[in-house]
Colleague: 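Next up is a structure, given as structure tokens.
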Amino acid sequence: MVSINPDKCTSCYTCVRICPVKAISVNIKNPQPEIQPERCIGCGDCIKMCVPGAIYYRSGIEQAKQLLATKAKKVAIVSPSISAEFDDITDYRKFVQMIKSLNIDHVNEVSFAVDILAYKYLSLFGDFKGRYYITSCDPVVVSFVEKYHPNLVNNLTPFVPPMIAMSKIVHKKYGDDIKVIYIGPDIASKDVALKFSGSSKVDVVLTFPELRQLFKEMHIEENNVEFSEFDPPLGYKGSLYPIRNGFIQAADIDENLLTSMVISVEGKKEMLESIDEFEDNVKVIHRHLHVTYGNSLAGPGITDKGNQLFKEHLVIKYANKRLMNFYRAEWYHNLQEYITIDYNRQFEPNNQRLPDPPVAKVAEALKTLNWKPGRHSDCGQCGYASCRDFAIDMAKGIVIPEMCATFAISNSKYYSDTLKELNEKLTETRKALKETEDKVESEHNAATQALELTDAMLEKLRAGIVIVDYKLKIIKSNSTFCTILGGDAEEINEVIPGLAGADLNKLFTEDICNLFDYVLKNSESIDGRDVRHGESLLNISIFPIRENQVAGGIIRDMRAPEVQRAEVTRRVSEVIDKNLEMVQKIGFLLGESAADIEKMLNSVIQIYNEKK
Ligand code: SF4
Ligand code: SF4
């Protein structure tokens with residue numbers, strides 16, 4: 001029936017605080033309030049209190065427009081509250097004609113149905129057989145009893161509300177194929193209409209602001225229309241129904257405080273408390289309870305919600321005006337005719353009371369609120385009578401601690417302290433970050449310089465240098481390497497310095513690539529291996545730089561004159577060194593054998609001398 005437009009909602013929680021049955025909840029996961037339709041009783045208080053206008057009720061305008069465009073016979077049944085809404089229309093007969101101008105065939109007063117029901121109530125209270133009743137004219141009260149006092153459903157007066165009673169009357173009068181549009185002040189009737197069908201059916205419910213909008217859209221104004229009277233049956237005291245005690249007056253129920261069997265109350269707080277009390281003390285109160293929520297003159301279906309007394313004055317003025325044309329005999333005749341309709345109904349309990357949460361959960365909620373006796377003073381700003389009541393609903397999961405002003409204030413102090421602390425930490429972190437940045441920058445500069453030096457050194461080397469990764473992709477190489485490769489390599493080097501990213505497999509023979517592959521896989525160096533590469537003879541040394549990941553190669557072209565010279569010198573030196581070593585060894589061997597021969601000869605001479 002009512003919904004929230006999240007784009008307009010500012011999460012002020014006024015609606016959560018104001019809802020008499022806690023049908024609007026808010027939780028940590030979704031801080032925007034949510035209406036629980038099954039718990040709502042249609043009082044409309046949330047709509048009235050929502051300043052940004054985020055809460056709205058189900059509109060009947062489009063449905064009415066569709067119905068008005070049909071050829072079906074249409075009957076409008078109008079609540080007597082209309083006199084309080086349209087004080088800007090000087091004569092009610094103009095108003096009747098304005099409604100007919102919407103393409104409506106008949107306009108009837110709901111006040112006649114109130115007269116009939118008043119008679120029914122009087123009869124019931126006169127023969128109540130020991131059961132005390134709560135009047136069921138107000139749909140908000142009925143919904144409240146069904147949902148929150150289900151034990152009392154059998155104490156609700158077993159009659160349909162005036163809107164449905166009037167629908168039954170016009171169906172009897174005009175036939176079952178008519179379409180009925182109810183025009184009234186309460187949004188709860190929109191849901192009531194959905195529960196009835198057949199000869200009780202109300203096809204569309206329009207509030208007064210919705211009716212005004214239709215007049216506006218269809219350019220219907222008072223000065224465009226002539227007078228027209230309501231269609232009979234006309235009401236009598238039923239037109240007093242919207243004002244306090246109007247229904248009791250219409251029923252001619254004894255209002256003497258000493259002798260009356262009926263206690264009459266009106267208003268939100270009064271309704272909540274009186275029904276609670278009725279349930280607790282029905283055995284001792286011994287009175288019927290006539291209770292209304294008070295929406296007939298100030299509900300969400302009325303345009304101007306203020307000036308209650310003035311509105312009551314307008315209703316009384318209208319009732320008096322209507323009585324000037326009242327013909328009792330005709331009214332009585334109609335009463336006799338329509339009282340034979342069955343106005344009875346039954347009520348179903350629809351328990352929406354939430355179970356009480358465990359004591360431990362309530363204690364936990366109080367702890368979250370940082371509740372301490374004296375610190376939280378049951379201030380009531382949350383909309384609850386006490387901090388404990390608030391904690392109970394917190395434990396039920398329908399409110400959040402942020403709705404408690406004391407919690408919110410202390411939390412904001414906590415947040416500001418935390419924020420201050422965080423700010424200080426942030427300043428320190430920024431300082432440390434700046435120092436690190438400076439350090440990184442100077443290291444980066446040093447590394448860049450080192451790299452530039454290394455590159456310069458590599459470029460000066462007469463040997464080709466190449467560094468490859470495990471896929472044999474070149475990471476870096478020097479220009480001597482490109483010169484050794486010759487052909488396209490030198491040109492590519494000008495565009496992609498150092499042939500970075502080139503595939504070694506496409507530059508070298510398979511044999512050479514296999515040598516690099518071997519070093520990468522085994523992390524073992526290869527020194528000075530002579531390998532043929534096309535016409536060239538290359539001397540290659542390969543060594544691992546990073547195990548299994550990166551390897552470097554030093555490549556010399558043996559045809560290059562400077563290499564040849566150096567290599568010949570190196571290799572001749574190597575041969576000379578080896579020869580010298582050999583001569584030394586021979587000399588040593590020769591020296592050793594001469595000594596042995598001398599030794600032998602001496603011993604022969606010695607033996608000879610001895611024989612001689
Ligand atoms: S009263 Fe309106 S704005 Fe405030 S929380 Fe409720 S829906 Fe949102
Ligand atoms: S209409 Fe009434 S009961 Fe329903 S959510 Fe709004 S305040 Fe609550």
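Atoms within each ligand, like the ligands themselves, are counted from 1 in listed order. When a residue number appears, it is its place in the shown sequence, counting from 1.
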Colleague: With sequence neighbours left out, write down each residue that passes side-chain hydrogen bond (donor to acceptor under 3.5 Å, both in side chains) with Ser239, or none if nothing qualifies.
Modeller: none

Colleague: Please identify each residue that fulfils side-chain hydrogen bond (donor to acceptor under 3.5 Å, both in side chains) with Asp91, with sequence neighbours left out.
Modeller: Arg93

Colleague: Looking at Glu210 and Lys190, is there a salt bridge between them, counting it only when a charged N and a carboxylate O are closer than 4.0 Å?
Modeller: yes

Colleague: So if I count the atoms of ligand 1 from 1 in the order they appear, which ones are less than 4.0 Å from some heavy atom of Thr10?
Modeller: 3 (S), 8 (Fe)

Colleague: For atom 2 (Fe) of ligand 1, grab the closest protein heavy atom and report residue, atom and distance to one decimal in Å.
Modeller: Cys50 SG, 2.3 Å

Colleague: Considering only heavy atoms of Pro52, which atoms of ligand 1 have at least one such atom less than 4.0 Å away?
Modeller: 3 (S)

Colleague: List the closest protein heavy-atom neighbour of atom 5 (S) of ligand 1: residue, atom name, distance to the nearest 0.1 Å.
Modeller: Tyr13 N, 3.1 Å

Colleague: If you look at every heavy atom in Thr368 and Phe407, which pair is closest and at what distance?
Modeller: O-CE1, 3.2 Å

Colleague: Whether Lys361 and Glu364 form a salt bridge (side-chain N of Lys/Arg under 4.0 Å from carboxylate O of Asp/Glu) is what I want to check.
Modeller: no

Colleague: At a cut-off of 2.8 Å, list the protein N/O/S atoms near atom 8 (Fe) of ligand 2, residue plus atom name.
Modeller: Cys19 SG

Colleague: Go through ligand 1 atom by atom and flag the ones less than 4.0 Å from a non-hydrogen atom of Cys9.
Modeller: 3 (S), 5 (S), 7 (S), 8 (Fe)

Colleague: Are Arg58 and Asp191 ion-paired here, with the side-chain N under 4.0 Å from a carboxylate O?
Modeller: yes

Colleague: Among all protein non-hydrogen atoms, which one is nearest to atom 4 (Fe) of ligand 1, and what is the separation to 0.1 Å?
Modeller: Cys12 SG, 2.2 Å

Colleague: Could you check whether the rings of Tyr132 and His286 sit parallel, tilted or perpendicular, using 30° and 60° as the cut-offs?
Modeller: parallel

Colleague: Please tell me if the side chains of Tyr121 and Ser136 come closer than 4.5 Å, counting only heavy atoms from C-beta onward.
Modeller: yes

Colleague: For Tyr293, give me all partners under side-chain hydrogen bond (donor to acceptor under 3.5 Å, both in side chains), at least two apart in sequence or on another chain.
Modeller: Asp45

Colleague: Within 45° of the axis and under 6.0 Å from the centre of the six-membered ring of Tyr148, does NZ or CZ of Lys22 qualify?
Modeller: no

Colleague: Closest non-hydrogen protein atom to atom 1 (S) of ligand 2, residue and atom name please, with distance?
Modeller: Gly44 N, 3.1 Å

Colleague: For ligand 1, which atoms have a heavy atom of Ile55 less than 4.0 angstrom away?
Modeller: 7 (S)

